2 protein chains.
Amino acid sequence: MTNEDDFLKNYDPRAFAPVAVTADVVALTIRQDQLCVLLVKRARPPFNGLWALPGSFLRPHQTENGEQWESLEQAAIRALADKTGLSAASVPEILTGIHLEQLCSYGEPGRDPRMTVVSVAYMAFGPDFSEPSAGTGTSEACWVAVSALNLTAERQQAATEFPLAFDHAQIIYDGLERARAKLEYTGLATAFVKETFTLADLRRVYEIVWDTKIHPSNFARKLLSARHLLVATGENTSRGSVAGGRRSALYRRGASLVLMPPILRKELRHG
Amino acid sequence: MTNEDDFLKNYDPRAFAPVAVTADVVALTIRQDQLCVLLVKRARPPFNGLWALPGSFLRPHQTENGEQWESLEQAAIRALADKTGLSAASVPEILTGIHLEQLCSYGEPGRDPRMTVVSVAYMAFGPDFSEPSAGTGTSEACWVAVSALNLTAERQQAATEFPLAFDHAQIIYDGLERARAKLEYTGLATAFVKETFTLADLRRVYEIVWDTKIHPSNFARKLLSARHLLVATGENTSRGSVAGGRRSALYRRGASLVLMPPILRKELRHG
DNA sequence: CGAATAGTGTCTGTAAGACACTATTCC
DNA sequence: GGAATAGTGTCTTACAGACACTATTCG
């Protein structure tokens, strides 16, 4: 393959017009009975002062073998770490118990006024990220209830306290749809709770993300009938709720991530 | 916002190290009772002589307002048109009745030996694309039965007549999974058949994509019970099959794209 | 004890899968 | 007529949703 070798030696990557790639993260968690997304307040143009998803340009870093590029997923993790004031050292730590997955890519011309930017959006689900604090290029970072974003069915925003930069309203909208859909047929809800949890904890996740009430006993029957989704620890909670009540059994994530048969949202049933 | 304006005026996009973005298309259709994917044979390095998905670098084109970049979707359509010998003029035409959707993005360092390349993969589903012919940079283009690719569960290839370039084995594997999954809960099967079709045509799509047998009458009951998925045209086929048989009713896609309740694949039922 | 929560048992309606049976149509 | 396909009717089983009832636990 000397042909291939010659070709590569003479290849000039800068012959192409520049495109930039970013990894943006839609991080979701549940706080105070509300579904919240992690946002940062931009401290520089473009969209200075508006709110945005934590994101980062895909970039090379130095290794002993010279310049080495990071993967999209690494860039997403770095965005989550940088912009929330977590040290790079704690990256493996914040990933413990945090579920990261790719959402979608966005590349409409003009979505970034600087140049053509393709953003690969990721989703992060977690029970409790550490308290955010502003990172480079941002003046603030906080968890914002998604209801406060006033997202419309057209994936835009109505008047809000948190105006979003770029096309991030659209990305967050898509991310929420993904999260709601995945609760139906996967064990994603377990990503929102701590390592051990009760069925009531899980039910609360569904009720908050879907904004519905769910019948407790049927819910328990359904989740426990899915094989290898939940594993009983044999332990119980140390006490009932403040208002009284029996102590409930504790569970842990099982080997399976699929919820079969699925729980279908009422509004979607019957097409 | 003069601050923003100043910032943009002085912004140099070439300050960033180069990344390239491509749109690659996993085009699927059914030919001769086989699920087939569109592949091109590369006629230049890298991976000269190996098979690849039709793809194209995201690039600017000239308009009356100067340089304007295309969207990811436009690049995907262009890849489908260019590399299959269809003229650019026929692009709207080939899109008639072809369903295009984004699959996933791939950006592992080293996946392209030339430079860092992020590929945004799209899926295209159609009843019958026009006959492919080699485009720029390719020596051949044809529909290859996915079974001939010998894809393994690890998203690699076993020995095959069609060795794939880059990480395209992985992309195709992911695309097939997506297609199989979407048959369960959407009307995607209608994208594989002509504008009017019989229930047997649809059933054949399921049987080929899932590689299973499906009970005809239960299948019909299921699809007809999904509201607004199919619309009876009132017409029948002009004749039965070669071997005899009653004439069957013809249907058209309805307004709905969701199949609710879903048809679950046997191997996935019960978790 | 009374209120609140966890968990079990049971009934009912819906629908999936299986299959028998009728209706056509080609050869 | 015989084979093949389209479409209908019905039986059985499984399970979702509803709800009554028991078991705990806190104040």
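Numbered from 1 within each chain, the chains take letters A, B, ... in sequence-line order. This structure is a prediction, so every number in the text was calculated from the model and none was measured.
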Verify side-chain contact (heavy atoms from CB on, under 4.5 Å) between A:E184 and A:W210, making sure each step is shown before the conclusion.
-> CA-CA 10 Å; A:E184 291 193 331; A:W210 285 354; 3.5 Å; yes
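- For the helix from C:dC1-D:dG27 to C:dC27-D:dG1, the terminal axes (five pairs an end, C1' atoms, rotation from four pairs onto the next four) enclose an angle of 10°, given to 10 degrees.
- If you measure from atom NZ of A:K213 to atom C1' of C:dT5, you get 13 Å, rounded to the nearest angstrom.
- With rounding to whole Å, A:L224 atom CG is found 15 Å from D:dA16 atom C1'.
- With hydrogens and angles disregarded, no donor-acceptor distance shorter than 3.5 Å links the side chain of B:Q157 to the backbone of B:T152.
- Protein atom CE of B:M260 is 15 Å distant from nucleotide atom C1' of D:dA16, rounded to whole Å.
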Residues B:D33, B:R204; criterion salt bridge (Lys or Arg N to Asp or Glu O under 4.0 Å); working and verdict | CA-CA 8 Å; B:D33 286 331; B:R204 186 167 147 268; 2.8 Å; yes
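- Rounding to the nearest 0.5 Å places CG of B:L183 at 5.5 Å from CG of B:L188.
- Remark: A:D211 pairs with no residue by the salt bridge (charged side-chain N to carboxylate O under 4.0 Å, His left out) rule, at least two apart or across chains.
- Here C:dA16 presents its C1' atom at 14 Å from CG of A:L264, a figure rounded to the nearest Å.
- Taking B:V144 as the reference, B:L39, B:C142, B:A148, B:L149, B:F162 meet the side chain to side chain contact (heavy atoms under 4.5 Å, CB included) condition, with sequence neighbours excluded.
- Of the side-chain N and O atoms in A:K222, one or more sit less than 4.0 angstrom from OP1 or OP2 of D:dA16.
- Atom CE of A:M123 sits about 12.0 Å away from atom CG of A:D24, to the nearest 0.5 Å.
- Spacing between atom CG of B:L223 and atom P of C:dA16 amounts to 11 Å, rounded to whole angstrom units.
- Within the 4.0 angstrom heavy-atom criterion, no nucleotide atom of any strand lies near A:A220.
- Applying the ring-ring contact (aromatic ring centres under 6.0 Å, His included) criterion to A:Y106, with sequence neighbours excluded, gives no partner residue.
- Per the geometry, OH belonging to B:Y206 stands 13 Å off P belonging to C:dG17, to the nearest Å.
- Scored by the salt bridge (charged side-chain N to carboxylate O under 4.0 Å, His left out) test, A:R253 finds no partners at all (sequence neighbours excluded).
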Sequence-aligned protein contact record of nucleotides 19-27 of chain C, with B where the base is within under 4.0 Å of a protein heavy atom and S where only the sugar-phosphate is | B---BBBBS
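- The distance between atom CZ of B:F197 and atom P of D:dA6, rounded to the nearest whole Å, is 15 Å.
- Summarising the geometry, the separation between CG on A:D201 and C1' on C:dA6 is reported as 13 Å, rounded to the nearest angstrom.
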